[in-house]
Amino acid sequence: MKPTYCCILIFVITLFHADLCAQSFLRLQLPNLEQLPSPRVLCVLQDTEGFLWYATEGGGICCDDGRQITVFRNDAQHPHLLGSNNIASLAAADRHIIIGTFHGAYVLNKDDYSIRPLSEVDDKRVDDVIVGADGHWWLTANKKIYEYSSDGRFLNAYPAGEKYIFRLHQDTAGCIWASQWQGGLLRLTQGSLQTAPWPLDAAPTNIADNPSGPGLLIGTFGRGTVLYRPDQPSDPLSDSVSRQPFPAFSMGLARFDAGGRQLMADGAGNCFALAATPQQPWYQPHPASPFLADSLRAARALTQRPAAYAFDSQGQFWFSTGQDIRRQRLPATPEEVILPELPDISAMTFVPDGTLWLGSIYGVLHSYKDGRLHTDDYASNEYGDALLDIQADSLRRLLLVYERYVRLYDPRRHTLRQQSREAPGTYAIELAETQPHQRWSRPQQDIVVERLPRWLTAWWMFPIYLLLAASLIALLIHYYILRRQRRRFLGSIRESVRLTAPSPTAAALSSSGEGQLSSPPTAAAPSASGEGQEVGPPQPLTPEEQWLQKAIDLVTQHIDEDNYGVEQLSSDLAMSRMTFYRKIQAATGQKPSEFIRTIRLRRAAQLLNQGQLSVTEISFQTGFTSVSYFSRCFRTMYGVPPTQFGRTTTAEERPSSLTPN
């Protein structure tokens with residue numbers, strides 16, 4: 001097979017694997033299972049108070065309140081509490097738990113925990129119990145469907161023919177559906193059970209609403225889960241796609257908890273919870289880049305470019321100018337200054353309760369609501385790292401995105417979790433609760449141990465390992481020697497240039513480390529005694545100095561263009577990229593990208609000394625697309641952040657101990 005075909009095959013397999021992973025589900029372990037009197041669980045659900053109820057085979061009904069298990073079953077003190085300790089199904093009403101056993105149906109009152117039987121069901125097995133949208137109870141037993149009111153009064157019984165009913169379901173329209181043993185689908189219409197079209201040869205089992213559109217999801221024996229369309233009576237499975245959205249749906253009972261996860265009993269006695277875990281990035285980034293900021297300014301007719309923006313629940317546009325926070329109700333309408341003295345805001349977002357969260361380029365987190373501004377000292381970053389983005393979920397938790405890590409912050413409970421994102425891959429932060437202060441689920445850790453192939457540990461592989469290690473060491477030594485020779489060569493070239501051509505232009509760039517643009521000499525330089533000394537006429541520039549001055553002028557002319565880089569500069573100088581690299585390295589000791597960045601940072605220092613613009617505006621005017629990247633480069637060159645540099649000292653007044661390295 002040709003290498004090209006191999007690459008295509010690997011690419012297709014990778015896409016297919018990624019698609020399968022995107023549809024994966026996380027299996028959650030339920031707590032306190034070891035305390036149940038029976039290991040076989042046939043149904044599990046959660047009531048409105050957050051308690052878990054287990055229907056066990058032989059152990060009765062069990063209630064887990066988060067601390068302990070309470071068991072209701074027949075024993076020596078209560079020999080006739082239930083018709084059977086084998087519980088087949090459960091349903092939770094407002095203040096009642098409807099219990100379906102192998103011999104009759106019962107109702108547990110949660111106010112006094114008393115249990116009474118439903119005499120109309122007799123002692124038959126109750127396979128399924130549901131509570132409808134109107135609060136009515138629906139039970140299936142003795143080839144019938146029984147209907148009770150929300151307070152437990154018997155209303156009606158609907159015979160289903162000669163086949164037993166297996167599962168019940170009420171769809172979004174309020175229609176009751178039932179699946180029969182040995183095939184068949186029933187629908188309760190006009191007070192009677194009628195047969196619904198079922199063209200599949202597999203018997204239907206579980207029934208659930210389709211979460212992604214119209215129709216029902218119906219589990220079958222041996223055919224997985226199919227999409228059933230009642231609005232297409234001639235062929236209800238015409239657009240059906242065989243799929244298996246979660247395991248054991250075809251046989252087991254599935255209930256939903258308060259967090260939307262599915263509580264499963266797989267029919268074999270095992271119970272667990274399933275949560276959808278689609279693979280997706282940490283967050284969907286929407287930073288206010290210069291292009292987007294200019295587009296928003298033109299579209300909404302803003303007076304200034306927005307550095308960060310957000311929309312509230314009423315559709316009003318909030319944005320930061322770098323100096324204050326403003327609000328615009330409609331496009332092209334006058335702006336209203338809300339927070340006049342809040343500079344350097346880099347991210348902002350609204351949470352569902354209407355609170356506006358703001359983050360600065362120095363990691364400070366603010367909240368604004370009802371005209372009051374509050375600084376959150378707990379979640380503010382103590383290292384001064386810039387906040388790139390803030391996003392909120394439905395629980396009002398904040399996802400604080402930095403360049404090297406992400407924090408998940410819950411302002412109500414003051415909990416803060418941090419995860420590094422320096423390494424490539426897919427990350428996840430999980431804080432799951434069904435009800436406040438009633439945390440029940442925890443992810444089940446699957447540890448996979450893979451044995452290495454036997455040939456990797458064979459004795460004859462050790463000489464090969466030693467040879468590979470020796471080759472790696474030799475390669476590192478060779479690289480170190482080449483690097484050392486290169487540094488000596490460049491050092492000698494810089495020294496020769498400094499001795500032969502000590503003109504102002506050649507000295508404009510420092511030859512150590514990152515480098516720094518020096519200030520041009522004045523007409524009168526102070527002497528050692530403090531008196532001025534006249535300087536003679538300037539010396540003519542050499543061709544090399546003229547070329548270097550032209551390069552500096554070109555960068556200065558395009559200093560506000562973030563896309564002006566090495567390619568464009570070498571093209572403007574009419575030379576190839578490699579030739580320009582050698583000449584600029586020999587003349588300044590810097591790489592071309594370092595040469596351009598030094599000129600930009602020197603111009604930024606001059607603008608900071610003037611004190612008329614904010615750090616955000618200066619970063620855009622000097623060609624930096626990211627404020628955080630500008631702050632990091634400026635601190636590397638001058639040793640202090642941009643704000644401290646502008647407020648305390650200038651480039652010429654800095655002591656020698658703070659020389660850029």
Side-chain angles (χ1 to χ4, degrees), residues 42-55 60-61 63 72 80-84 87-161 163-180 185-194 196 206-209 216 230 253-258 263:
L42 301 183
C43 181
V44 57
L45 60 85
Q46 185 186 34
D47 62 11
T48 55
E49 298 176 354
F51 296 164
L52 292 178
W53 294 82
Y54 297 92
I61 178 174
C63 176
F72 302 89
H80 304 293
L81 184 65
L82 298 171
S84 171
I87 312 299
S89 57
L90 290 174
D94 185 17
R95 298 301 303 167
H96 300 87
I97 299 294
I98 302 97
I99 308 168
T101 72
F102 283 22
H103 297 282
Y106 296 82
V107 178
L108 185 148
N109 191 328
K110 292 194 292 184
D111 295 329
D112 54 5
Y113 290 98
S114 61
I115 298 178
R116 66 178 179 87
L118 297 177
S119 57
E120 295 79 10
V121 183
D122 299 328
D123 62 345
K124 302 300 181 180
R125 173 179 174 135
V126 180
D127 285 301
D128 200 5
V129 181
I130 64 173
V131 177
D134 55 358
H136 287 196
W137 308 347
W138 299 87
L139 296 76
T140 170
N142 194 21
K143 303 178 183 179
K144 296 179 182 179
I145 295 179
Y146 295 85
E147 181 183 6
Y148 289 83
S149 65
S150 57
D151 55 358
R153 293 181 295 105
F154 174 73
L155 298 179
N156 205 345
Y158 305 95
K163 295 182 180 179
Y164 288 94
I165 297 178
F166 187 51
R167 292 287 182 257
L168 297 175
H169 174 71
Q170 186 180 45
D171 60 16
T172 55
C175 181
I176 299 296
W177 294 82
S179 62
Q180 291 182 296
L185 194 63
L186 301 178
R187 176 168 54 185
L188 184 60
T189 304
Q190 298 178 354
S192 63
L193 285 173
Q194 299 180 3
N206 272 345
I207 309 173
D209 290 323
L216 300 173
L253 271 173
R255 298 288 190 263
F256 288 90
D257 69 354
L263 302 175

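It should be emphasised that the depicted structure is a prediction, and the values quoted were computed from it without experimental measurement. Sequential numbering from 1 along the given sequence is applied to the chain's residues.
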**Item:** Neighbour count above 12 (heavy atom, 6.0 Å) for Asn109 CG
**Value:** yes
**Message:** What's the separation between atom CG in Leu168 and atom OG in Ser89, rounded to the nearest 0.5 Å?
**Reply:** 9.0 Å
**Request:** Can you measure from CG (Asn142) to CG (Asp127) and round to the nearest 0.5 angstrom?
**Result:** 11.5 Å
**Message:** Looking at every non-hydrogen atom in both residues, tell me the closest pair between Phe102 and Ala88 and how far apart they are.
**Reply:** CE1-CB, 3.8 Å
**Fill in**
Applying side chain to side chain donor-acceptor pair (under 3.5 Å) to Trp177 and not counting sequence neighbours gives Asp171
**Request:** Could I get the full list of side chain to side chain donor-acceptor pair (under 3.5 Å) partners for Ser114, not counting sequence neighbours?
**Result:** Asp112
**Request:** Using the test side chain to side chain donor-acceptor pair (under 3.5 Å), find all partners of Glu147 that sit at least two apart in sequence or belong to another chain.
**Result:** His136, Tyr158
**Atom pair CG (Asp123) and OG (Ser84), whose distance is rounded to the nearest 0.5 Å** = 10.5 Å
**Request:** Just jot down the side chain to side chain donor-acceptor pair (under 3.5 Å) partners of Lys124, sequence neighbours excluded, or say none.
**Result:** none
**Fill in**
By ring-ring contact (aromatic ring centres under 6.0 Å, His included), Tyr54 pairs with (sequence neighbours left out) none
**Item:** Within residues 95-108 or reaching into it, pairs that qualify as side-chain hydrogen bond (donor to acceptor under 3.5 Å, both in side chains) - sequence neighbours excluded
**Value:** Glu49-Arg95, Arg95-Asp111
**Request:** Just do the side chain to side chain contact (heavy atoms under 4.5 Å, CB included) check on Ile207 and Leu185 with the steps written out, would you?
**Result:** CA-CA 10 Å; Ile207 309 173; Leu185 194 63; 3.9 Å; yes
**Message:** Going by the rule side-chain contact (heavy atoms from CB on, under 4.5 Å), which residues pair with Lys143 if we only count those two or more places apart in sequence or in a different chain?
**Reply:** Glu162, Tyr164
**Item:** For Leu45 against Ala92, the heavy-atom pair lying closest together
**Value:** CD1-CB, 3.8 Å
**Request:** Would you give the length of the straight line joining atom CZ of Arg125 to atom OG1 of Thr140, rounded to the nearest 0.5 angstrom?
**Result:** 10.5 Å
**Prompt:** Rounded to the nearest 0.5 Å, how far does CH2 of Trp138 lie from CD1 of Ile165?
**Reply:** 11.0 Å
**Request:** Grab the two heavy atoms, one from Leu188 and one from Cys175, that are nearest each other, plus how far apart they are.
**Result:** O-SG, 4.0 Å
**Item:** Leu193 and Ile145, any side-chain heavy atoms less than 4.5 Å apart
**Value:** yes
**Message:** Can you confirm whether Gln194 sits close enough to Leu186 that some side-chain heavy atom of one is under 4.5 Å from a side-chain heavy atom of the other?
**Reply:** no
**Asked** Who are the salt bridge (charged side-chain N to carboxylate O under 4.0 Å, His left out) partners of Lys110, not counting sequence neighbours?
**Response** Asp47
**Message:** Working to the nearest 0.5 angstrom, can you tell me the gap between Ile115 CD1 and Leu82 CG?
**Reply:** 5.0 Å
**Message:** Using side chain to side chain contact (heavy atoms under 4.5 Å, CB included), reason through Trp53 and Ile61 one step at a time and then give a plain yes or no.
**Reply:** CA-CA 7 Å; Trp53 294 82; Ile61 178 174; 3.6 Å; yes
**Fill in**
With sequence neighbours left out, the residues meeting side-chain contact (heavy atoms from CB on, under 4.5 Å) with Ser150 are none
**Prompt:** So, for Phe166 and Asp128, which heavy atoms are closest and what is the spacing to 0.1 Å?
**Reply:** O-CB, 3.8 Å
**Asked** Can you name the closest pair of heavy atoms from Arg187 and Pro230 and give their distance?
**Response** NH1-CB, 4.0 Å
**Message:** Determine whether Leu118 and Leu139 satisfy the following criterion, side chain to side chain contact (heavy atoms under 4.5 Å, CB included), listing intermediate values before the conclusion.
**Reply:** CA-CA 10 Å; Leu118 297 177; Leu139 296 76; 3.9 Å; yes
**Complete:** Sorted by chain and number, sequence neighbours left out, side-chain contact (heavy atoms from CB on, under 4.5 Å) with Ala55 holds for Cys43, Ile87, Leu90
**Asked** Tell me the salt bridge (charged side-chain N to carboxylate O under 4.0 Å, His left out) pairs involving residues 148-160, sequence neighbours left out?
**Response** Asp151-Arg153
**Prompt:** Taking only residues two or more places apart in sequence or in another chain, which ones pass side-chain contact (heavy atoms from CB on, under 4.5 Å) with Phe154?
**Reply:** Glu120, Tyr146, Tyr148, Ala157
**Request:** Report the C-alpha distance between Leu108 and Phe72 in whole Å, list the side-chain angles of each, state the deciding distance to 0.1 Å, and finish with yes or no for side chain to side chain contact (heavy atoms under 4.5 Å, CB included).
**Result:** CA-CA 10 Å; Leu108 185 148; Phe72 302 89; 4.1 Å; yes
